[in-house]
Amino acid sequence: MSAKRKELLSLAMKRTSDWISSQEISSDIAVHIGETSFSLHKFLLSKCGFIKKLASESSNDSNTTVIKIPDFPGGAEAFELVIKFCYGINFDMSTENIAMLRCAAEYLEMTEEHSVANLVETTEVYLNEVILKSLSKSVKVLRKSEELLPIAERVKLVSRCIDSIAYVICLKSQSKEDIVDLWAEDLVALRIDMFRRVLVAMMARGFDRYALGPVLMLYAQKALRGLEIFGRGNKKMDAEQEQEKRLVLETIVSLLPRERNAVSVSFLSMLLRAAIYLETTVACRFDLEKRMGLQLRQAVLDDLLIPSYTFNGDNTTFDVDTVQRILLNYLEFEVEGNSVDFASNIGELMESYLAEIASDKNINSSQFIGLAECIPEQSRVTEDGMYRAIDVYLKVHPNISEVEKKKICSLMNCQKLSQEACAHAAQNERLPLKTVEQILYQGFRDSDSPAAATASESLPYHKLGSYNNELSKLNRENQDLKLELLKVKMKFKELEKEKALEVTSGSDCSLVSTTSVVKPPLPRKSFICSVSRKLGKLNPFGLTVQGRNKPPKDRRHSIS
């Protein structure tokens with residue numbers, strides 16, 4: 001209570017006390033409500049069965065009976081209104097005081113048994129005729145009732161307000177009005193337990209559960225404000241505040257509609273970050289992961305960049321294990337739905353995520369490989385995204401073993417690399433030699449296939465001529481490479497025949513001479529270098545390849 005309100009209340013009580021003292025009959029009872037004392041008359045308080053009983057039981061021999069009530073509902077403010085009612089002093093009932101008046105009347109047993117038109121009956125009429133017929137007034141009285149428990153529950157003030165709110169909202173929703181503008185702002189001011197009971201009552205009356213999404217989002221944004229869920233800093237709140245927010249979050253998750261797309265995947269991501277930050281129950285976190293998996297097709301990269309908070313003991317920047325479980329939930333849902341055509345945007349999304357986490361030095365190879373293996377190959381139109389993520393990982397982790405490099409590179413299908421990616425990979429010193437050989441071999445096959453001609457159909461008309469010229473040039477160079485390869489093979493066979501003849505003749509000197517001439521590794525090495533240079537020119541789209549490809553500006557990481 002503010003200082004100004006306390007001052008006004010004190011002045012009002014003083015005026016009431018002065019009025020009572022001005023009567024010709026001296027006061028014979030003193031009632032102490034907390035630290036406030038009221039001097040009253042017994043016969044005028046005959047309407048209060050509770051005080052009447054206490055006064056009759058008092059063994060005080062003095063002329064004034066003293067009664068102490070430390071836990072009076074509504075405190076001294078409510079008791080002053082009761083006094084005014086008993087003495088016939090006019091005052092206004094309102095949404096601000098009706099809850100404490102009803103509870104005070106119940107506490108003091110001000111029923112018809114002690115007086116006609118007593119305070120219990122008077123407050124009940126006001127509640128039924130004024131409060132419970134209005135949505136906004138019912139919400140305000142319900143908020144006031146939160147401070148008057150458990151007596152507010154005993155007089156069914158809470159349950160009647162909740163039922164009234166649910167009834168009015170369901171009635172308005174049937175008329176297709178904008179439900180969020182009508183009642184959501186009022187409900188988000190309720191305490192979480194009352195908020196939950198209102199929503200449950202609404203659903204019991206047939207309210208569409210799918211429509212609960214907007215109000216749940218509003219409540220979560222209000223109640224969870226201040227959480228540092230987008231960074232990796234330590235918690236800056238006390239245990240009581242953390243427990244309160246944890247209860248709010250778990251309740252909101254339990255109320256989320258089961259229907260897909262009832263809330264956005266970005267909102268689910270925010271709830272999941274908060275759940276990890278607040279260390280909610282495992283069931284709560286798994287529920288959010290499953291919901292995100294069901295809506296993964298609507299996700300963007302930022303939705304998956306969930307921080308790995310330092311207090312969890314994980315040194316990585318992002319929570320990779322959580323994202324992997326989200327992806328597995330998506331795959332499980334697709335399999336259960338007998339879907340064999342995984343969305344292509346899932347492959348692009350997860351490859352972008354791989355490239356993002358690949359730049360983290362604390363991500364080990366098992367985490368990187370485990371997540372990459374979960375990405376269905378059917379969802380990857382090309383392997384360029386996977387190659388980009390692998391290249392970033394190898395660049396940031398230069399000290400991993402050759403075995404790990406080979407295992408990581410085996411994640412991509414070289415047959416699905418574009419010509420630009422092949423040209424870059426052929427000159428990439430970070431890749432194992434075996435992987436480069438596979439890419440070179442694939443480059444030969446692709447350049448001799450009609451696939452390149454098909455790509456020209458998607459080019460603008462003004463570029464088609466230059467593209468065809470470049471393609472003809474590449475085809476000629478390809479034929480030259482094949483001819484060079486054939487000559488090398490024939491020369492190698494001739495040298496092998498000469499070597500065999502000299503061995504049969506027993507000429508050791510000739511054998512040594514022939515051996516010094518025949519060096520199979522040299523032609524092979526020269527051939528690979530030549531092929532790398534040739535493939536570096538396979539660039540029909542006009543991109544400059546100078547040892548590395550220039551990536552699009554919208555990529556988070558480049559291949560370099």
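Predicted, not measured: the structure shown is a model, and the values here were computed from it.
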Once rounded to the nearest 0.5 Å, what's the spacing between atom CZ of Arg143 and atom OG of Ser138? 13.5 Å
Please answer whether the main-chain N or O of Cys284 pairs with a side-chain N or O of Thr281 as donor and acceptor at a distance below 3.5 Å. yes
Looking at every heavy atom in both Val323 and Leu304, which two are closest together, and how far apart are they? CG2-O, 3.3 Å
Scanning both residues in full, the closest heavy-atom pair of Ser352 with Leu301 reads C-CD1, 4.1 Å
Under 3.5 Å, side chain of Asp303 to main-chain N/O of Ala299, donor-acceptor pair present? no
Rounded to the nearest 0.5 Å, how far does OG of Ser410 lie from CD of Glu373? 7.5 Å
Please report the C-alpha distance between Glu244 and Ile192 in whole Å, then the side-chain angles of each, then the deciding distance to 0.1 Å, and finally whether the side-chain contact (heavy atoms from CB on, under 4.5 Å) criterion is met. CA-CA 9 Å; Glu244 179 183 343; Ile192 186 61; over 6 Å; no
Verify the neighbour count for atom NZ of Lys245: are there more than 12 heavy atoms of other residues, nucleotides or ligands below 6.0 Å? yes
One pair to check against side chain to side chain donor-acceptor pair (under 3.5 Å): Ser418 and Asp384. What are the steps and the verdict? CA-CA 7 Å; Ser418 66; Asp384 290 13; 2.5 Å; yes
How many angstroms lie between atom CD1 of Ile326 and atom CG of Leu331, to the nearest 0.5 angstrom? 12.0 Å
Taking C-beta and beyond as the side chain, do Phe207 and Leu212 meet within less than 4.5 Å on heavy atoms? yes
In sequence, state the C-alpha distance, the side-chain angles, and the governing distance for Leu268 and Leu256, and then conclude on side-chain contact (heavy atoms from CB on, under 4.5 Å). CA-CA 10 Å; Leu268 293 174; Leu256 286 174; 4.1 Å; yes
Counting C-beta onward and ignoring hydrogens, is there a side-chain heavy-atom pair between Ile165 and Met202 closer than 4.5 Å? no
Separation of Leu216 CG from Leu255 CG (nearest 0.5 Å): 6.0 Å
Looking at Lys290, Arg291, Arg285, which one forms a side chain to side chain donor-acceptor pair (under 3.5 Å) with Asp287? Arg291
Evaluation steps, side-chain contact (heavy atoms from CB on, under 4.5 Å), between Leu135 and Ser164: CA-CA 7 Å; Leu135 174 62; Ser164 172; over 6 Å; no
Minimum-distance pair of heavy atoms, taken over all atoms of Lys405 and Pro432: CB-CG, 3.9 Å
Quick check: closest heavy atoms across Phe333 and Arg260, and the distance to 0.1 Å? CZ-NH1, 3.0 Å
Of all heavy-atom pairs linking Cys422 and Leu417, the shortest is SG-CB, 3.8 Å
Just do the salt bridge (Lys or Arg N to Asp or Glu O under 4.0 Å) check on Arg246 and Glu242 with the steps written out, would you? CA-CA 6 Å; Arg246 187 183 299 117; Glu242 182 181 348; 2.8 Å; yes
Hey, does the side chain of Tyr219 reach the backbone of Leu190 with a donor-acceptor pair shorter than 3.5 angstrom? yes
Less than 4.5 Å apart, any side-chain heavy atom of Ile369 and any of Ile408? yes
Can you check whether Phe368 reaches Leu411 side chain to side chain, under 4.5 Å on heavy atoms? yes
4.5 Å side-chain heavy-atom contact, Ser308 and Thr317: no
Count the heavy atoms of every other residue, nucleotide or ligand shown that sit under 6.0 Å from CZ of Arg196, and state whether that count exceeds 12. no
CZ (Phe267) with more than 12 external heavy atoms under 6.0 Å: yes
From Met350 atom CE to Glu356 atom CD, the distance as rounded to the nearest 0.5 Å: 12.0 Å
I'd like to check Asn329 versus Leu296 (side-chain heavy atoms, cut-off strictly below 4.5 Å). Are they in contact? no
Quick one: does Asp360's side chain have a donor or acceptor within less than 3.5 Å of a partner on Ile357's backbone? no
Taking the six-membered ring for Trp, is the centroid-to-centroid distance between His424 and Tyr387 below 6.0 Å? yes
Is the backbone N or O of Val188 less than 3.5 Å from a side-chain atom of Lys222, with the two atoms forming a donor-acceptor pair by type? yes
Can you see which heavy atom on Leu149 is nearest to which on Ala152, and at what distance? CD2-CB, 4.1 Å
From NZ (Lys361) to CG (Asn399), nearest 0.5 Å: 10.0 Å
Are side-chain heavy atoms of Met386 and Ile390 found at a separation under 4.5 Å? yes
Could you tell me whether Glu289 and Arg273 have a side-chain N and a carboxylate O separated by less than 4.0 Å? no
Would you say Gln295's side chain and Val263's backbone share a donor-acceptor pair under 3.5 angstrom? yes
Backbone N or O of Asp319 within a donor-acceptor pair of the Thr322 side chain at under 3.5 Å? no
Please confirm whether the backbone N or O of Ser359 pairs with a side-chain atom of His397, one donor and one acceptor, at under 3.5 Å? no
Do Ser136 and Asp186 have side-chain atoms, one donor and one acceptor, less than 3.5 Å apart? no
Side chains of Tyr330 and Met292: does their closest heavy-atom pair fall under 4.5 Å? no
Are the side chain of Gln298 and the backbone N or O of Val265 linked by a donor-acceptor pair below 3.5 Å? no
As a quick check of understanding, evaluate side-chain contact (heavy atoms from CB on, under 4.5 Å) for Ile363 and Tyr393, giving each step before the final call. CA-CA 9 Å; Ile363 295 289; Tyr393 188 87; 4.3 Å; yes
side-chain contact (heavy atoms from CB on, under 4.5 Å) partners for Glu404, two or more places apart: Ser365, Ile400, Ser401
Check: Ala275 main-chain N/O paired with Glu279 side-chain donor or acceptor under 3.5 Å: no
